[in-house]
Participant: 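This structure is in structure tokens; I'll ask about it shortly.
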Amino acid sequence: MREHLIDPIRIHSTITNGGVAPKIVPDNAQIWYYIRAPHRSEVVETYEKLINIAKGAALMTGTDYNIDFITGCYDMLPNKVLGQVLLNNLKKVGAPSFDEEDMKLAKELTDSFDQGMKEVVIKTSGAPNNLLDKILHDEVIEPYDEGKCMSGSTDVADVSWNIPTAQFTTACAPIGTPGHSWQNVVAVGSTIGQKGMITAAKVIGLSVVELIENPILVAQAQDDFRNEIKHKGGYVSPLPDGLKPPVPSI
């Protein structure tokens, strides 16, 4: 089936129960699937294909199956009006100011990357190639990812379908740092991450004040939001009716 899916779609899985011993067919087996795609409709379509595969496997093996639906989310719907407010205030605040100690740590972390990792991270994110020559990002640049699908998942996306939402990033780790890596943990917990956080806090504060003092901007953001929602057909909860939150095992 994977050969007939568009390239950005990802089907992740892990076998959480494959049996207790070799040569013995288990009375119960379990696999956990996680589907990601650029748009919600593509997730739904892929999920239905996955269910059909489960039905076929059950028929072929004379077994039954059941589904424990855990969660689901939408794709991000950025609000351009709020995004411009954030960008303008980011320019006012300016990029974090890193000192020699920050640069030293960033250099050590960068040197610990696997060969070619920095290039892969920059290419995957769609960031400008000139960042390859830098260790820490020390300037504010214009958005470079509008209309592009980034490889990540967030429940902020569902918020963005229910209220005008925008996001921005600040430098909290060396350029090219892989996500979910120990280098990322070290960087964001250091003064590098702290300076990026303080920069972000200033931008958010200025933006909130600007929106409070300028109701016209708020109305424009709401109009942009309503038009986008109408164009995309509205929001329907990705969760099945009657779904209860999963109870963690103790």
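From a predicted model like this one, the values you see are computed outputs, not experimental measurements.
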Participant: Taking side chain as C-beta onward, heavy atoms only, is N17 less than 4.5 Å from P26?
Facilitator: no
Participant: Around H12, counting heavy atoms of other residues, nucleotides and ligands shown, do more than 12 lie under 6.0 Å from its NE2?
Facilitator: yes
Participant: Within a strict 4.5 Å, meaning less than it, do heavy atoms of the Q167 and P78 side chains meet?
Facilitator: no
Participant: Please list every donor-acceptor pair under 3.5 Å in which a side-chain atom of residues 202-217 meets a protein atom from a residue at least two apart or in another chain.
Facilitator:
{"unit_1": "S207", "atom_1": "OG", "unit_2": "N89", "atom_2": "ND2", "d": "3.0"}
{"unit_1": "S207", "atom_1": "OG", "unit_2": "V203", "atom_2": "O", "d": "2.8"}
{"unit_1": "E210", "atom_1": "OE1", "unit_2": "N89", "atom_2": "ND2", "d": "3.0"}
{"unit_1": "N214", "atom_1": "OD1", "unit_2": "I216", "atom_2": "N", "d": "3.3"}
{"unit_1": "N214", "atom_1": "OD1", "unit_2": "L217", "atom_2": "N", "d": "3.4"}

Participant: Donor-acceptor pairs under 3.5 Å, side chain of residues 57-72 to any protein atom, not counting sequence neighbours: which ones?
Facilitator:
{"unit_1": "T61", "atom_1": "OG1", "unit_2": "A57", "atom_2": "O", "d": "2.7"}
{"unit_1": "T61", "atom_1": "OG1", "unit_2": "T63", "atom_2": "OG1", "d": "2.8"}

Participant: Where do L82 and A166 come nearest, in terms of heavy atoms and distance?
Facilitator: CB-CB, 3.6 Å
Participant: Can you name the nearest heavy-atom pair linking G196 to P96, along with the distance?
Facilitator: CA-CG, 4.0 Å
Participant: Are V85 and L87 linked, directly or through other ILVMFWY residues, by side chains that come within less than 4.5 angstrom of each other?
Facilitator: no
Participant: Measuring from N79:CG to F225:CZ, what's the distance to the nearest 0.5 Å?
Facilitator: 8.5 Å
Participant: Can you find a pair of side-chain heavy atoms, one from Q222 and one from Q220, that are under 4.5 Å apart?
Facilitator: no
Participant: Are L86 and L90 linked, directly or through intermediate hydrophobic residues, by side-chain heavy-atom contacts shorter than 4.5 Å (ILVMFWY only)?
Facilitator: yes
Participant: What side-chain donor-acceptor pairs closer than 3.5 Å can you find for residues 100-107, not counting sequence neighbours?
Facilitator:
{"unit_1": "D102", "atom_1": "OD1", "unit_2": "T191", "atom_2": "OG1", "d": "2.4"}
{"unit_1": "D102", "atom_1": "OD2", "unit_2": "D99", "atom_2": "N", "d": "3.0"}
{"unit_1": "D102", "atom_1": "OD2", "unit_2": "K195", "atom_2": "NZ", "d": "2.5"}
{"unit_1": "K107", "atom_1": "NZ", "unit_2": "D111", "atom_2": "OD1", "d": "3.1"}
{"unit_1": "K107", "atom_1": "NZ", "unit_2": "D111", "atom_2": "OD2", "d": "2.8"}

Participant: Locate the shortest heavy-atom distance separating F168 from A200; write the atom from each residue and the value.
Facilitator: CZ-O, 3.6 Å
Participant: Within a 6.0 Å radius of atom NZ on K134, are there more than 12 heavy atoms belonging to other residues, nucleotides or ligands?
Facilitator: yes
Participant: With clusters defined by side-chain heavy atoms of hydrophobic residues (ILVMFWY) lying less than 4.5 Å apart, directly or transitively, does I192 cluster with V188?
Facilitator: no
Participant: Is it true that K80 and E146 make a salt bridge, defined as a side-chain N closer than 4.0 Å to a carboxylate O?
Facilitator: yes
Participant: Taking T124 for its side chain and V121 for its backbone only, find out whether a donor-acceptor pair lies under 3.5 Å.
Facilitator: no
Participant: Looking at side-chain heavy atoms only, is the closest gap between R2 and I11 below 4.5 Å?
Facilitator: yes
Participant: Mind listing the side-chain donor-acceptor pairs of residues 41-49 below 3.5 Å, one per line with the distance, residues two or more places apart or on another chain?
Facilitator:
{"unit_1": "E42", "atom_1": "OE1", "unit_2": "H39", "atom_2": "N", "d": "3.0"}
{"unit_1": "E42", "atom_1": "OE1", "unit_2": "H39", "atom_2": "ND1", "d": "3.4"}
{"unit_1": "T46", "atom_1": "OG1", "unit_2": "E42", "atom_2": "O", "d": "2.8"}

Participant: Determine, step by step, whether Y33 and L50 satisfy the side-chain contact (heavy atoms from CB on, under 4.5 Å) criterion, reporting the C-alpha distance in whole Å, the side-chain angles of both residues, the deciding distance to 0.1 Å, and the verdict.
Facilitator: CA-CA 9 Å; Y33 282 106; L50 204 61; 3.5 Å; yes
Participant: Out of curiosity, does L5 fall in the hydrophobic cluster containing I51 (side-chain heavy atoms, cut-off under 4.5 Å, transitive links)?
Facilitator: yes
Participant: Is any side-chain heavy atom of R36 less than 4.5 Å from a side-chain heavy atom of I9?
Facilitator: no
Participant: Is there a side-chain contact between K118 and L132 (heavy atoms, below 4.5 Å)?
Facilitator: yes
Participant: Can you give me the closest heavy-atom contact between G176 and F113, atom names plus distance?
Facilitator: O-CE1, 3.6 Å
Participant: Does one hydrophobic cluster hold both I135 and W182, with members joined at side-chain heavy-atom distances below 4.5 Å?
Facilitator: yes
Participant: Check whether any side-chain heavy atom of S13 sits under 4.5 Å from a side-chain heavy atom of W32, and report yes or no.
Facilitator: no
Participant: For K91, what residues pass the salt bridge (Lys or Arg N to Asp or Glu O under 4.0 Å) criterion, not counting sequence neighbours?
Facilitator: E142
Participant: Roughly how far apart are I35 CD1 and S153 OG, rounded to 0.5 Å?
Facilitator: 11.5 Å
Participant: Of all the heavy-atom pairs spanning R40 and C73, show the shortest one and how long it is.
Facilitator: NH1-O, 3.1 Å
Participant: On a heavy-atom basis, which atom in P128 and which in I122 lie closest, and how many Å separate them?
Facilitator: O-CG2, 3.9 Å
Participant: Quick check against the 3.5 Å criterion: does T14 have a side-chain atom that pairs as donor or acceptor with the backbone of T16?
Facilitator: no
Participant: What side-chain donor-acceptor pairs closer than 3.5 Å can you find for residues 158-165, not counting sequence neighbours?
Facilitator:
{"unit_1": "D158", "atom_1": "OD1", "unit_2": "Y74", "atom_2": "N", "d": "3.1"}
{"unit_1": "D158", "atom_1": "OD2", "unit_2": "Y235", "atom_2": "OH", "d": "2.7"}
{"unit_1": "S160", "atom_1": "OG", "unit_2": "L77", "atom_2": "N", "d": "3.0"}
{"unit_1": "S160", "atom_1": "OG", "unit_2": "A157", "atom_2": "O", "d": "2.5"}
{"unit_1": "W161", "atom_1": "NE1", "unit_2": "D75", "atom_2": "O", "d": "2.7"}
{"unit_1": "N162", "atom_1": "ND2", "unit_2": "D158", "atom_2": "O", "d": "2.7"}
{"unit_1": "T165", "atom_1": "OG1", "unit_2": "I163", "atom_2": "O", "d": "2.8"}

Participant: Find out whether L109 and T177 are in side-chain contact, i.e. whether some heavy atom of one side chain is under 4.5 Å from a heavy atom of the other.
Facilitator: no
